Amino acid sequence: MNDTIPQLAAFDEPSLDAAFATLAEEVCQTSATLNDVEAFRLQWLGRKQGRLKLVSDAWLKSAPAEARKPLGIRFNQLKQQIEAALEAPAVAAGPKAAAIDFTLPGTTHTPGIQHPLLKTMHEIVAVFHQLGYSTNLGPQVESDFYNFEALNFPPNHPARDTQDTLVIAEQQSRPSRDRLLMRTHTSPVQIRSMIAQEPPLRLVIPGKVHRNDAADATHSPIFHQVEGLCVDTNITFSDLKGTLDHAMKALFGASVKTRFFPSFFPFTEPSADVQISCIFCSGKGCRKCKHSGWIELLGCGMVDPAVFAAVDERRVELGKQPAYQADRITGFAFGMGVERIAMIQHGISDIGHFYSGDMRFLEQFA
Ligand code: DAH
């Protein structure tokens, strides 16, 4: 490397190109070999003796007026090259690599953990996988047909009011069954699955659902469900009871009892709410179970023949064989809220904790 900057013999563009090319080459060499970023910076950008300052003194100041611009452009390019080299790994890595002090404590990276909600969701899914169920997923933006109509919620039926729906804008020109909305439950994936597959079917469907609910300690406009569907010949209500009793014991402990309370869902007949004996007071009655000894956990029932009929109608429209004749095929379905189950498992009283991103909350599940 030359310590001094030679005077320029000529200021025409080829001469300038040649002179700056030499300097650019010098920048490359010094940046590749120097293992001290600060020394490199001083050498080139130092305010008094930096090479760029010397170039400016030697060339820019003596340049004839018409050469100022082409010289200035090349000067700035050289400066950018130096600044880029300062950022570049070759220079940046050098001094660090040389300066590693192996006696210092290392940087610790806390391993990530599964979010408590996902953990519970996976636990539920795993219980059913062990029973031979497989997993299906469906879209969160759903059509009225899958979310409501095929599940036996007729248009304008009051049963729709229980699922305050967030609809997608600008859908008025479409036929009502094609209008898009945010799915209010995972049940539409039952329909999608039956249209796609013939029985027998054993499915769990985990996923996110959306409702126009105000957030409070137990509600969130976005939450999670796990749906289940089992369809075959000779599936009975006893199969439903046995399956869900097993699942509740697997999730909450073998001493938990279940009971089935008559309920209503448009897509199941008969329908039931499943309650488990209160895990906080073992059924004696406490504040958590409102002194009843029981906690309501999920909905379920036998698949309504009207649902099978809607599925087969759609299968035929799509050129498939009907496969869900209600005189031959029966099935049960269930749906549970993941937040609710996780809250009971861990004794969490505010649903908002799941979404707050507060590390003090999340770290408890590590
Ligand atoms: N989809 C219902 C809801 O979100 C839950 C449900 C109830 C699902 C009964 C089912 C079922 O599959 O059989 O409120």
Side-chain angles (χ1 to χ4, degrees), residues 121 124-125 127-128 131 133 135-140 142 144-153 157-166 181-195 201-213 218-232 235-245 247-248 258-276 296-308 310-311 324 326 329-341 351:
M121 188 143 113
I124 300 168
V125 165
V127 167
F128 289 95
L131 295 175
Y133 284 57
T135 302
N136 260 12
L137 301 173
Q140 288 177 52
E142 189 50 283
D144 187 281
F145 174 76
Y146 289 106
N147 197 81
F148 288 127
E149 208 177 304
L151 286 163
N152 201 25
F153 290 81
H157 192 279
R160 291 188 178 210
D161 295 349
T162 61
Q163 306 204 350
D164 235 343
T165 312
L166 294 162
L181 41 84
M182 302 308 292
R183 69 175 177 197
T184 56
H185 50 176
T186 41
S187 306
V189 191
Q190 288 187 29
I191 307 296
R192 289 182 173 275
S193 307
M194 288 191 279
I195 289 172
L201 226 81
R202 279 168 184 72
L203 294 173
V204 263
I205 302 149
K208 199 172 273 185
V209 301
H210 306 250
R211 291 191 195 177
N212 184 22
D213 280 340
T218 54
H219 292 86
S220 156
I222 302 176
F223 60 103
H224 301 78
Q225 291 186 332
V226 175
E227 186 87 13
L229 178 67
C230 169
V231 180
D232 203 342
I235 299 288
T236 68
F237 200 86
S238 319
D239 297 314
L240 167 60
K241 285 186 78 174
T243 304
L244 290 181
D245 186 69
M248 294 304 114
T258 53
R259 73 177 186 183
F260 291 70
F261 233 67
S263 183
F264 173 78
F265 300 101
F267 41 92
T268 44
E269 180 60 34
S271 305
D273 283 329
V274 182
Q275 304 177 347
I276 60 165
E296 196 173 301
L297 259 197
L298 70 147
C300 65
M302 300 305 291
V303 179
D304 194 306
V307 171
F308 287 144
V311 164
Y324 289 87
I329 299 292
T330 52
F332 65 77
F334 55 87
M336 54 190 106
V338 180
E339 277 79 351
R340 185 161 164 74
I341 291 182
I351 199 171

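If you read the sequence from its start, that first residue is 1, and numbering goes on from there. Counting starts at 1 for both ligands and their atoms, in listed order. This is a predicted model, so every value here is computed, not measured.
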### Query
Do the non-hydrogen side-chain atoms of T236 and T330 ever get within less than 4.5 Å of each other?
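SC-SC contact between T236 and T330 ruled out.
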### pair M121-I341: side-chain heavy atoms closer than 4.5 Å
no
### Query
Between R183 and Q140, does any side-chain donor sit less than 3.5 Å from a side-chain acceptor?
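No pair is found: no donor N or O on one side chain lies under 3.5 Å from an acceptor on the other.
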## Note on the structure
side chain to side chain donor-acceptor pair (under 3.5 Å) with R160: of T184, T165, N147, D144, only one passes, and it is D144
### Task
Please work out which of the three classes, parallel, tilted or perpendicular, describes the rings of F153 and H185, given edges at 30° and 60°.
perpendicular
### Query
So which protein residues pack against ligand 1 under 4.0 Å, heavy atoms counted?
Q163, H185, S187, Q190, R211, Q225, E227, F265, F267, T268, G299, C300, G301, A333, F334, G335
### Query
Can you name the nearest heavy-atom pair linking P206 to N136, along with the distance?
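Closest approach of P206 to N136, heavy atoms only: CD-O, 3.7 Å.
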